[in-house]
Amino acid sequence: MSVPGDEPRRDPDALLAQVQDEERRAARGRLRIYFGASAGVGKTYAMLSAARQLAATRTVLVGIAETHGRAETETLLEGLDVLPRRHIDYRGKTLTEFDIDAALARRPQLILVDELAHSNVPGSRHPKRWQDVDELLAAGIDVFTTVNVQHLESLNDVVGGITGVRVAETVPDCVFDGADEVVLVDVPADELLARLKLGKVYQPAQAERAGRNFFRKGNLIALRELALRRTAERIGDDVRAYRVEQSIDAVWRTGTALLACVGPGPGAEGVVRSAARLAAQLGADWHAVYVETPALQRLDAGRRERILGTLKLARDLGAATAVLSGDSVEAAVVEYARSHNLARIALGRGRERFPWQATCGRRISRRAPDVELLEVAVPPGPAQDSGREARTVERTAARATVIAHGAAVLSSLCMALAAAPTIAWLDLANIAMLFLLVVLLVAVRFGRGPSVTATCVSVACFDFFFVPPRFTFAISDFQYLVTFGVMLAVGLITGHLTAGLRFQAHVAARRESRTRALYEFARALSGVLQTEQIQEATRDAIGHAFGVRTVLLLPDADGRLGAAGDGGDAPAFAFDTGIAQWAYDHGASAGMGTDTLPGSPLFYMPLVAPMRTRGVLAIDATAPHWLLAPEQRQQLDTFATLAAIALERVHYIEVAQEALVKIESERLRNSLLAALSHDLRTPLTSLMAQAESLARSAPPLAPAQRTMADALRDEMVRMSMLVTNLLDMARIESGDVKLKLQWQPIEEVIGSALSASRAALAGHAVETHVPADLPLVQYDAVLIERVLANLLENAGKYTPPGSTVAVSAERRGQWLSVAVADDGPGLPPGQEEAVFDKFMRGERESAKPGVGLGLAICRAIVGAHGGSIHGANRPQGGAAFVFTLPLGTPPALPPLDEDLEVEEQDE
């Protein structure tokens, strides 16, 4: 029963995800896209206008702005900081591009990058400008940019069908959907045409040509509708994100997930784009799968590459991709849809070659009547080159089919000839078994279709050569019809089962091979303790699984990459350190087959571990069979993850070993200090007593001898203080020091410390600044005196004679602050905290006596009191050491005795 007014408890996982998302967004720059139906609607103008308003409060840099000669737009650039463009030589021409390196070096708060879908000149860091923008955002820089509706990848073919112009430059929809803000810049079609005639969109000659082609009123109206719809979808995403952020609906479940079927035909890309648009409209997740059947396994490299390219397009559009295996496409698709709870299936509309042949869509609908089926219209025919390629592929496939069926026929005839001489010794049933053996062998070697042919030819040969009357197809006994029927049925069933089992065995063998490779790799990494062993295991595992060479690149202390095992054998191949460093710094793959420097012959994969990126795996991807299917890429990602985790484990093993060695060394050192301190105190005390006796002996010593006795006594005193410091440090480290806390004024301990440090401060001017109204503080007087004595001794030791040493105390909130300052040379730069380490002595201390324990003891004592101590250089010169002690509430004074009060009154 809920109480009115009580709010439901928010999901902790949702809160954690929200916090992590906010942290990622805080570290990443914000992206605002000015979105329009076509060129000329005013996107660049609106972007520059907004930037001018923000220039008063933010650092604004115009990375690149395409004005196309429009005077109004060029006027807005006046007064803004414009980044010079980068000049690139390409095919004898000098072209200008956006200079991303200069933009990153400038690091403005906001940068303007026009035309998001622009393709960069070959030789640039990224092929596309939207990839430059993504790197700017990753660096924490806010970006304003522009894009038209025809440049969105999922709408590319739709716009091409409307306008008759296919735009080559596109932007993945995930970039558009991932923008923090989308500003729609909308202009009615008539107004845009009027602007075109006035020369406000293109130059006169270009404007006239555009008005006859792309800028027709019908096209502009249709494009405007697409832009409005796409913006409305984006607003719906913002509303859903707000609901999740405010926990209005912690879990968003659409129940409209979509599955797109990718086939080997030319219309697969259209299916993927249609599925992406529909998924975006429904706000649903979607998947794309390709089913590899025995027939499709024999596809040539060109068609296989096209299939993988279509799957890559689906991944870029936000789909989860998979390659399935099975005897039939519809069975694999339906099983995947049911296991992933996908309610809709999209596939290309098939054409029936024969009336009795059902299309794939019809077979899927029969198998899964509860699943919605969406058939996407396939273009009537591919282009001329695609048609020529398809005809070539069909001829090759037909030739292979003819050879397989011919081999089936020949095998049956050969068996008939081989069995003919045995008719006198073998029964007809045994001869029929020989023909069934031929069918079985043909099914194993050539598959299902040729096995059917072999079955029919075997039955005919058995009837013609062996069943009386021989050498005719006449049948004398009706029972032979039953024999022929059973023989035909057994042959067909046997061939079908054998072909299916052959394919399943092949698939299972490949899966088992991948699983065994991962298992062996994980087992090999489980016992390694050195990075060289990880390099060797990774090279062997990936080389065996993919047939490529690898080099493991690891960072040094400064984060610069180098080949593992440098200084020994040379790397297996040359690699680009710059590309590898980029992949390491950004945690993203680069090189061949990626969107970052795809012209590189190598593939660079970062080794991302749970805590951080541990290195980069450089792969020589120039092998002719380097074409990974999605499941192979997942296997490679798993190899990389295992290697990264192994590197991280070895790193932490080294850290643990170093920590253990330090702990043991510290323990042994403390034990040694304690032993030495106890053993040295007795002889030092005896020597000090003898030096005192010698100085006071009668008759008095000669002046020279008295000087020597005094020097001996002073050295004994200094040595005794060193031994005391050693003993105190050993006691503090062992925890044997017990504080004797008492409420007392700080003036007393300052005075006693100055008295004890008279010898160290000889020749120095001493100043004290201690207000009379300081409160009582609870501390151990002996230990705090030791702190002040060590600080004063350091001040006297490291400052020249005649310098001033000042001791001051003041109240700062709930703390009492005590400072010892001097006007000497000060602390070594960068050593302000290191001087408190045990046995730490700076450059200026090298000629001074001591072992470097005084300040370490001071920090330990002050820390035991709950305070803190630090050192710093003073602006006017010299060093100052300040320690603080917590203030509390002293206990109330006890009341005076009543008899004492009466006696005082009587007096």
Side-chain angles (χ1 to χ4, degrees), residues 16 20 23-24 27 138-139 517-546 548-573 575-591 596 602-620 633-669 833-834 837:
L16 179 60
Q20 292 174 345
E23 291 177 351
R24 287 192 298 267
L518 289 174
Y519 168 74
E520 292 177 351
F521 184 51
R523 185 179 61 178
L525 292 179
S526 63
V528 300
L529 297 176
Q530 297 178 345
T531 55
E532 291 77 8
Q533 295 174 317
I534 298 176
Q535 159 74 354
E536 182 179 358
T538 304
R539 181 182 65 246
D540 294 343
I542 296 181
H544 178 73
F546 302 100
V548 294
R549 298 180 298 170
T550 63
V551 170
L552 186 62
L553 308 176
L554 301 179
D556 57 15
D558 298 327
R560 311 307 301 175
L561 291 179
D566 275 355
D569 297 336
F573 51 86
F575 54 86
D576 192 319
T577 307
I579 304 177
Q581 190 68 45
W582 187 94
Y584 174 78
D585 294 337
H586 293 79
S589 299
T596 302
L602 304 180
F603 177 72
Y604 299 87
M605 171 177 285
L607 303 179
V608 182
M611 297 301 296
R612 51 166 291 186
T613 302
R614 293 293 170 184
V616 172
L617 189 65
I619 301 176
D620 183 9
R633 177 56 188 271
Q634 292 175 0
Q635 183 184 11
L636 181 61
D637 291 341
T638 306
F639 276 123
T641 302
L642 291 175
I645 294 174
L647 289 171
E648 189 160 273
R649 176 172 54 81
V650 169
H651 168 74
Y652 284 114
I653 288 176
E654 295 174 354
V655 171
Q657 290 175 343
E658 292 177 0
L660 184 61
V661 170
K662 288 182 179 179
I663 292 173
E664 188 64 21
S665 300
E666 194 72 17
R667 188 184 65 81
L668 293 175
R669 184 167 59 183
E833 285 297 318
D837 296 338

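All values derive from a computational prediction rather than experimental measurement.
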Any side-chain heavy atom of [X] within less than 4.5 Å of one from [Y]?
X: Phe575; Y: Leu553; result: yes
X: His651; Y: Arg649; result: no
X: Asp540; Y: Phe521; result: no
X: Asp637; Y: Met605; result: yes
X: Leu529; Y: Val650; result: no
X: Thr531; Y: Leu552; result: no
X: Leu647; Y: Leu607; result: yes
X: Leu617; Y: Ile542; result: yes

For [X] and [Y], work out which heavy atoms get closest and say how close.
X: Gly587; Y: Val608; answer: O-CG2, 4.5 Å
X: Gly591; Y: Tyr604; answer: CA-CD1, 4.4 Å
X: Leu561; Y: Pro555; answer: CD2-N, 3.6 Å
X: Trp582; Y: Ala588; answer: CZ3-O, 4.0 Å
X: Pro606; Y: Thr613; answer: CB-CG2, 4.2 Å

For a side chain to side chain contact (heavy atoms under 4.5 Å, CB included) check, start with the C-alpha distance between Ile619 and Leu636, then their side-chain angles and the critical distance, and finish with the verdict. CA-CA 11 Å; Ile619 301 176; Leu636 181 61; 4.0 Å; yes

In Å and rounded to the nearest 0.5 Å, what is the CD1 to CZ distance from Ile645 to Arg614? 11.5 Å

So how far is it from Glu532 CD to Leu554 CG, rounded to the nearest 0.5 Å?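 Separation between the atoms: 8.5 Å.
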
If only atom types and distance count, is the side chain of Gln581 paired as donor or acceptor with the main-chain N or O of Arg560 below 3.5 Å? no

